[in-house]
Structure formats: C-alpha cells, structure tokens
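Worth knowing before you read on, the calculation uses all heavy atoms, side chains too, and leaves out hydrogens, waters and symmetry mates. Since the model is a prediction, treat every value here as computed from it, not as a measurement.
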Amino acid sequence: MIKPKHLEKIYHPTDEEGYEGRIICQCGCKAFKIRCFGEFYGRYKMSVHEYENKYAQAVRAVCGDCGTDYLLYDFALHGYDGLICGEGIAVPDEILDDFITETDSLFEVEMFLEYDGEEDFLEDVVNDTWLQKDFHFTVADRANVWCSVAIELKGVQSGTDYKDFLIEELA
C-alpha cells in the first residue's frame, strides 16, 4: 500500500492500494478548517492560479479541535509538472485564504490519488539520467509524485458534499 510521506500520520486509506483515503488528525478529529490558494471557477471548484509568473495551488487543513496545520497538497511539491518540470511555485502561508461557504466553515476531507506504476516510475524517473542530474529520486519518492489528485469536502455543519473541490492532472 502506498501512502504520501507527508500525510503518513493523517491519511487513512479506504481502499487496498491506498489511492483513496480520509484525513483524520492525530488527535482523532475529522473536522478541518480549509486554507487554500487557487483560482475558483464554478461555485466551489478550485484550479491552479498564476503566482509570480508560475503556477500555484495549495490546500492546507487545520484541525478543528487541536489546531494542528497540515499541508495536504501543493502543486509545486506533488506531481510531475510542478515538482520535476518546475512549472509550480510554493505560495507563502500568509496568502492562503480560508474556504468558507454560506453554511460551512469546517469540513471532513477525502483525497483521491493516482500514481504511476512502480515499473513506470523506475523507468521514467529513477533511471532517467537527465532527471537524476538535478534530482536524486528513489523508488520511495513515488509516494509524493502523483499523476493526479482530487480533494472532496463534506461540510460538518450542513452535511453538504463539495465534490471535486480540487481535481488536477499532475503529469
């Protein structure tokens, strides 16, 4: 089973492969305040947004009970386009906005992750001599090089599902 390294303690897989999971704080809380950066289209759907002549998108979850702040996803750190191709830039925490709706300020979080297969990752990334000049990837890095990510939220106060709050192809 594969698990993102930075989410290891809070990502609880709901399938055998680890591609789908719920976020649960180490304190046991399932309700989070969402802080994010991106461009909203539609009502509650977020895409990448330009920042300092690159692309950025980030989602953080702050525990509703203990206040622990977790990075869930950053376009510059997760996925081939941002991490390897350098198309992404990390944004400072102070420009993240709170995601609040008319009815909800706390959310349960589910993540859906897609990865290259281990053999493809070995061939396309680990054994690529051009990439290894600038990066020193190992098979263990596969857990953070996602092909796609989707984040879905459920409002704690209203029970409203915010399907595809974020959905991005990253490779």
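- Residue F75 comes nearest to A56 through the heavy atom pair CB-C, 4.4 Å, listed as atom of the first residue, atom of the second, then distance.
- More than 12 heavy-atom neighbours from other residues, nucleotides or ligands sit within 6.0 angstrom of CD on E17.
- The closest side-chain heavy-atom distance from L106 to Q157 is below 4.5 Å.
- T138 pairs by the side-chain contact (heavy atoms from CB on, under 4.5 Å) definition with A140, D141, not counting sequence neighbours.
- Of the inter-residue distances, the one linking H12 atom NE2 with I23 atom CD1 reads 7.5 Å to the nearest 0.5 angstrom.
- Summarising the geometry, atom OG1 belonging to T160 is positioned 9.0 Å from atom NZ belonging to K154; distances are rounded to the nearest 0.5 Å.
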- Yes or no on side-chain contact (heavy atoms from CB on, under 4.5 Å) for I167 and V149, after CA distance, side-chain angles and deciding distance? CA-CA 6 Å; I167 186 164; V149 58; over 6 Å; no
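- Nearest approach of V145 to I84, heavy atoms of both residues: CG1-CD1, 4.4 Å.
- Listed for the D104 side chain is a donor-acceptor partner under 3.5 Å among the backbone atoms of S158.
- A 4.5 Å side-chain heavy-atom check between P92 and Y51 finds at least one atom pair inside the cut-off.
- Of all non-hydrogen atoms in D74 and A90, the two that sit nearest each other are OD2-CB, 3.7 Å.
- Qualifying side-chain contact (heavy atoms from CB on, under 4.5 Å) partners for K163, counting only residues two or more places apart in sequence or in other chains: E152, D161.
- F135 CZ to D128 CG: the interatomic distance, rounded to the nearest 0.5 Å, is 10.5 Å.
- The backbone N or O of N144 lies less than 3.5 Å from no partner atom in the side chain of K5, so there is not a single donor-acceptor pair.
- Counted within 6.0 Å of CD on E50, heavy atoms from surrounding residues, nucleotides or ligands total more than 12; the atom is thus considered enclosed.
- Looking at every heavy atom in both residues, Y19 comes nearest to R142 through OH-NH2, 4.3 Å.
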Distance-only donor-acceptor hits, side chain of residues 110-118, under 3.5 Å, sequence neighbours excluded:
| from | atom 1 | to | atom 2 | distance (Å) |
| --- | --- | --- | --- | --- |
| E114 | OE1 | S148 | OG | 3.3 |

- Check the pair V125 / D120 against side-chain contact (heavy atoms from CB on, under 4.5 Å), numbers first and verdict last. CA-CA 8 Å; V125 178; D120 290 335; over 6 Å; no
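- Nearest heavy-atom pair, W146 versus L72, reported as atom, atom and distance to 0.1 Å: CH2-O, 3.6 Å.
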Which atom pairs, donor and acceptor, lie under 3.5 Å between side-chain atoms of residues 30-43 and protein residues at least two apart or in another chain?
| from | atom 1 | to | atom 2 | distance (Å) |
| --- | --- | --- | --- | --- |
| R35 | NH1 | L96 | O | 3.3 |
| R35 | NH1 | D98 | OD1 | 2.6 |
| R35 | NH2 | D93 | O | 3.4 |
| R35 | NH2 | L96 | O | 3.1 |
| E39 | OE1 | H49 | ND1 | 3.2 |
| R43 | NH2 | E102 | OE1 | 3.1 |
| R43 | NH2 | E102 | OE2 | 2.7 |

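- For the pair K3 (side chain) and E8 (backbone), a donor-acceptor distance under 3.5 Å is present.
- For the atom pair Y55 OH and C85 SG, the distance stands at 13.0 Å (nearest 0.5 Å).
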Please list every donor-acceptor pair under 3.5 Å in which a side-chain atom of residues 57-64 meets a protein atom from a residue at least two apart or in another chain.
| from | atom 1 | to | atom 2 | distance (Å) |
| --- | --- | --- | --- | --- |
| Q57 | OE1 | Y73 | OH | 2.9 |
| Q57 | NE2 | M46 | O | 3.4 |
| Q57 | NE2 | S47 | O | 3.4 |
| Q57 | NE2 | E168 | OE2 | 3.4 |
| R60 | NE | D69 | OD1 | 2.8 |
| R60 | NH2 | D69 | OD1 | 3.4 |

- Item | Pair F137-L83, side-chain contact (heavy atoms from CB on, under 4.5 Å): steps then yes or no | CA-CA 11 Å; F137 289 111; L83 179 64; 4.1 Å; yes
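- Nearest approach of D124 to L131, heavy atoms of both residues: O-CD1, 3.7 Å.
- Cluster membership for I10 and L166, using ILVMFWY side-chain heavy atoms within less than 4.5 angstrom, is shared.
- Remark: side-chain polar atoms of D15 are paired, donor with acceptor, to backbone N or O of G18 under 3.5 angstrom.
- Atom SG of residue C147 and atom CG of residue D81 lie 10.0 Å apart, to the nearest 0.5 angstrom.
- Residues Y80 and L170 are not in side-chain contact: their nearest non-hydrogen atoms beyond the backbone lie 4.5 Å or more apart.
- Linking Ile, Leu, Val, Met, Phe, Trp and Tyr residues whenever their side-chain heavy atoms come within less than 4.5 Å leaves Y11 and M1 in two separate clusters.
- When the ring-ring contact (aromatic ring centres under 6.0 Å, His included) test is applied to Y44, the partners found at least two apart in sequence or on another chain are F99, Y162.
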